[in-house]
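For reference, the structure discussed in these notes is given below.
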Amino acid sequence: MIDLKLLQKDFDNVSAQLKRKGVDEELLADLKAKNEALKVAKMAYEAAQAAQNEMSKLFGQYMREKKDVTELKEKVDANKIKVTELLDVQREAEEALVIRAMAVPNLPDENVPDGEDEESNVELKKVLTPREFSFIPKEHWELAEQNGWIDFERGVKLAKSRFSVINGQGAKLERALINFMLDFNEKRGFNEVSVPQIVNRTALEGTGQLPKFEEDLYKIDGDELYLIPTSEVPLTNLYQDEIIPADELPIKMTAHTACFRKEAGSAGRDVRGIIRQHQFHKVELVSITKPEESDKIFDEMVACASDLLTVLELPHRLVTLCTGDLGFGAAKTVDLEVWLPGQATYREISSVSNTRDFQARRAKIRFKDGKANTLVHTLNGSSLAVGRTMVAIMENFQNEDGTINIPEALKAYM
RNA sequence: GGACAGAUGGCAGAGCUUGGUUGAAUGCACCGGUCUUGAAAACCGGCGAGGGUCAUACCUCCUAGGGUUCGAAUCCCUAUCUGUCCA
């Protein structure tokens, strides 16, 4: 959630920044008005409540002194009606405000480039040069089928489209990658955690997936529970509603989980292969930091993911997302895109974001800063999406006869 | 699945029978100070969270949501979770 106090105080500036992310100024003006309305309603309610408390105390005193309370009771009864009404007004105002506020995305950082969509993303650098092929490189689904690694039909049979089954050496590669990534991250100071892959509504609200993106989530019928779309959700919410001692920061975590997404808005995209699946494995990084060190940790996380790709000998590039491509909760995002020779293009394989205090405000994650309790910064990033890493290995390490070599760094894990 | 018992501040743990001046005793932990060469012990002081205010005042929070009442941590209902026992 954005800082409503800041919106109140510096409307023009906040509005200008959110405009870059396509948020209508009128909506913000409305939000500000609702915030002010709540303040007014609250003051009225609290004044009435104070009077009520005052009279109740007096009531007790009268009883002890055995004084007559009929007159006081009349007054207090009348005031009680007022209190109830004012409370209703306040609640309505609050509800209206929260609905609006929860749907407003985070402010982009000032140095995030402007733009409508991925066309305006800015390449930061390329790492490793794509290999020259003496033959026409195949796409991963062709290789996967040829090697018997992926069974697309049976995945569909078991569930539906965008599900697949991985076999034999493919399955082994997947497992090797997960272990390799976790070990690598751990060496970079990220503590391995194993978390639930089903979470409640509160957790998803804390990290910003709800209420806005309900249609992308798999919900468990009959329970207020959802399959996680990313382990960012359980990892970040581990500290929900907590005040963390300053000396425990930064908290750096890594976890492997399956992720589940309905991919509601991507009909027709990446229908072949395993680029876009409803269920996929991902190794994630999440950091919780003091505000002043979040930029530093952000760079560390980007470096961690990039180095992981480098060690796997996978050519890639780093891209800063423009305002239009930035996610809901992110103030800043760097995507890592891996080179896929079969498609002759770079494709996203990791996305590292700093949400600053946006999630922390929603999830109430603070740290004790001397006497004051201050919101932390939360960051998340993949390192890496496992399925897409497999795709990248298949396509980059393919031989002319369709066989696939294993990157040197992975051999110990196979 | 059935029957009880419970859920209080960082932790432990009173208060609930008999509703009122209890945001909450006490202990531990923690922070500051005195003392000490230093530390420990002892002693003194501070010490939950959110909102609000320049700061007070004031409002809210004793798992959550309802209810009773002038007034609820305390009484009633529901949900969730935990423990114990029975199947």
Side-chain angles (χ1 to χ4, degrees), chain A residues 1-10 31-102 195-196 198-206 210-211 219-226 234 237-249 251 288 291 357-376:
Chain A
M1 196 157 85
I2 62 162
D3 185 353
L4 291 176
K5 267 190 208 159
L6 191 65
L7 180 78
Q8 202 77 58
K9 217 169 59 191
D10 198 0
L31 186 64
K32 187 180 176 219
K34 285 193 159 65
N35 193 34
E36 277 158 2
L38 174 62
K39 222 172 168 178
V40 170
K42 241 184 176 158
M43 275 179 359
Y45 164 70
E46 284 181 7
Q49 184 61 254
Q52 187 75 3
N53 290 344
E54 182 66 31
M55 284 189 277
S56 291
K57 255 181 208 170
L58 204 59
F59 199 102
Q61 196 183 316
Y62 277 23
M63 298 285 279
R64 256 171 279 124
E65 291 168 2
K66 306 228 173 7
K67 280 204 214 163
D68 180 37
V69 293
T70 43
E71 199 183 322
L72 181 61
K73 176 138 169 57
E74 269 171 41
K75 263 167 77 182
V76 98
D77 279 343
N79 189 65
K80 196 188 175 182
I81 294 166
K82 201 169 125 198
V83 168
T84 312
E85 285 169 0
L86 288 170
L87 179 60
D88 282 344
V89 172
Q90 197 227 93
R91 277 190 182 167
E92 267 170 48
E94 191 159 22
E95 212 172 298
L97 176 73
V98 167
I99 287 169
R100 263 293 146 75
M102 292 290 268
V195 288
I198 292 178
V199 295
N200 58 33
R201 217 186 147 81
T202 310
L204 286 154
E205 283 173 352
L210 287 179
K219 188 177 183 193
I220 305 213
D221 231 8
D223 285 298
E224 275 295 289
L225 294 172
Y226 299 79
N237 280 290
L238 239 24
Y239 293 91
Q240 181 227 109
D241 201 18
E242 291 196 20
I243 299 169
I244 304 165
D247 58 11
E248 284 178 25
L249 296 178
I251 295 169
I288 295 177
D357 61 9
F358 186 81
Q359 292 179 327
R361 185 171 295 105
R362 289 175 160 237
K364 301 189 189 78
I365 309 174
R366 297 145 290 169
F367 74 103
K368 195 154 266 306
D369 184 10
K371 189 126 176 64
N373 295 324
T374 311
L375 293 171
V376 298

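All values below were derived from every heavy atom in this structure, side-chain atoms included, with hydrogens, water molecules and symmetry-related copies excluded. Computed from a predicted model, the values in this text were never measured in an experiment. Letters A, B, ... mirror the listed sequences (proteins, then strands); counts begin at 1.
Pairing partner, B:A87: none, since no Watson-Crick or wobble contact has both distances short of 3.5 Å. Within the shown strands, B:C31 is the pairing partner of B:G45 under the Watson-Crick or G-U definition, both distances less than 3.5 Å. Nucleotide B:A64 is matched to B:U78 when pairs are restricted to Watson-Crick or G-U wobble geometry with both distances under 3.5 angstrom. The pairing partner recorded for B:U56 is none, the criterion being a Watson-Crick or G-U wobble arrangement whose two distances lie under 3.5 angstrom. Pair check for B:U69 finds none; no Watson-Crick or G-U wobble contact set falls under 3.5 Å.
Summarising the geometry, the separation between CG on A:Leu225 and P on B:U80 is reported as 12 Å, rounded to the nearest angstrom. Rounding to whole angstrom units, CG of residue A:Leu38 and C1' of B:U60 are separated by 13 Å. Whole-Å rounding puts the A:Asp247 CG to B:C31 P distance at 10 Å. B:U80 atom P lies 18 Å from atom CZ of A:Arg201, rounded to whole Å. B:C70 atom C1' lies 14 Å from atom CG of A:Asp68, rounded to whole Å. The interatomic distance linking A:Leu4 (CG) with B:G50 (P) rounds to 16 Å, in whole Å. Going from atom NZ of A:Lys57 over to atom C1' of B:A57 covers 12 Å, rounded to whole Å. In this structure, A:Asn79 atom CG and B:U69 atom C1' are separated by 15 Å, rounded to whole Å.
Within a 6.0 Å sphere centred on NZ of A:Lys32, other residues, nucleotides and ligands contribute more than 12 heavy atoms. Heavy-atom contacts from other residues, nucleotides or ligands closer than 6.0 Å to CD of A:Glu54 number 12 or fewer. Summarising the local packing, NZ of A:Lys75 is surrounded by 12 or fewer heavy atoms from other residues, nucleotides or ligands at distances under 6.0 Å. Within a 6.0 Å sphere centred on CD of A:Glu71, heavy atoms belonging to other residues, nucleotides or ligands number 12 at most.
Note: A:Phe358 CZ to A:Asp3 CG = 11.5 Å, rounded to the nearest 0.5 Å. Annotation: the span from A:Lys39 atom NZ to A:Met43 atom CE amounts to 7.5 Å, rounded to 0.5 Å. Rounded to the nearest 0.5 Å, atoms CZ (A:Arg362) and CD (A:Glu205) are 7.5 Å apart. Here A:Gln359 contributes atom CD and A:Asn237 contributes atom CG; the two are 8.0 Å apart, rounded to the nearest 0.5 Å. Interatomic distance, CG of A:Leu204 versus CG of A:Leu225, reported as 9.5 Å (0.5 Å rounding). Residue A:Leu97 holds its CG atom at 6.0 Å from CG of A:Leu38, rounded to the nearest 0.5 Å.
A heavy atom closer than 4.0 Å to some atom of RNA chain B occurs in A:Arg91, these being the qualifying members of residues 85-95 of chain A.
Of the two residues near RNA chain B, A:Glu54 and A:Lys73, the one whose nearest nucleotide lies more 5' is A:Glu54. Place A:Asp77 and A:Gln49 on RNA chain B by their nearest nucleotides, and A:Gln49 ends up nearer the 5' end.
Taking atom P in both B:C54 and B:U63, the straight-line distance is 34 Å, to the nearest Å. Straight-line distance between the P atoms of B:A12 and B:G71: roughly 34 Å, to the nearest whole Å. For the P atom pair drawn from B:G65 and B:G48, the interatomic distance equals 23 Å after rounding to whole Å. B:C61 sits 26 Å from B:G46 when the P atoms are compared, rounded to a whole Å. Taking atom C1' in both B:C16 and B:A73, the straight-line distance is 8 Å, to the nearest Å. Look at the C1' atom in both B:G15 and B:G20: the space between them is 14 Å, to the nearest Å. Comparing the P positions of B:A57 and B:A24 gives an interatomic distance of 13 Å, to the nearest angstrom. B:U74 and B:U8 have their C1' atoms separated by 11 Å, given to the nearest Å.
In terms of modelled atom types and a separation under 3.5 Å, the side chain of A:Arg201 and the main chain of A:Glu224 share no donor-acceptor contact.
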Check nucleotides 71-75 of chain B for protein N or O atoms closer than 3.5 Å to its own N or O atoms and list the pairs.
| unit_1 | atom_1 | unit_2 | atom_2 | d |
| --- | --- | --- | --- | --- |
| B:G71 | OP2 | A:Lys80 | NZ | 3.4 |
| B:G71 | O4' | A:Ser56 | OG | 3.2 |

Could you run down the sub-3.5 Å N/O contacts of the protein with nucleotides 47-49 of chain B?
| unit_1 | atom_1 | unit_2 | atom_2 | d |
| --- | --- | --- | --- | --- |
| B:A49 | OP1 | A:Lys368 | NZ | 3.1 |
| B:A49 | OP1 | A:Asn373 | ND2 | 3.0 |
| B:A49 | O3' | A:Arg366 | NH1 | 3.1 |

Write out a two-atom table: protein N or O, nucleotide N or O from nucleotides 51-56 of chain B, distance below 3.5 Å.
| unit_1 | atom_1 | unit_2 | atom_2 | d |
| --- | --- | --- | --- | --- |
| B:G51 | N2 | A:Glu46 | OE1 | 3.4 |
| B:G52 | OP2 | A:Lys5 | NZ | 3.4 |

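Counting only residues at least two apart or on different chains, the side-chain hydrogen bond (donor to acceptor under 3.5 Å, both in side chains) pairs with a member in residues 78-96 of chain A are A:Gln52-A:Asn79.
Residues passing the salt bridge (Lys or Arg N to Asp or Glu O under 4.0 Å) test with A:Lys42: none are found, sequence neighbours excluded.
Using a 4.5 Å heavy-atom cutoff, the side chains of A:Tyr226 and A:Ile198 are not in contact.
One finds a salt bridge joining A:Arg366 and A:Asp241 here, because a Lys/Arg side-chain nitrogen approaches an Asp/Glu carboxylate oxygen to under 4.0 Å.
Heavy-atom minimum distance, A:Phe367 versus A:Val376: CD2-CG1, 3.7 Å.
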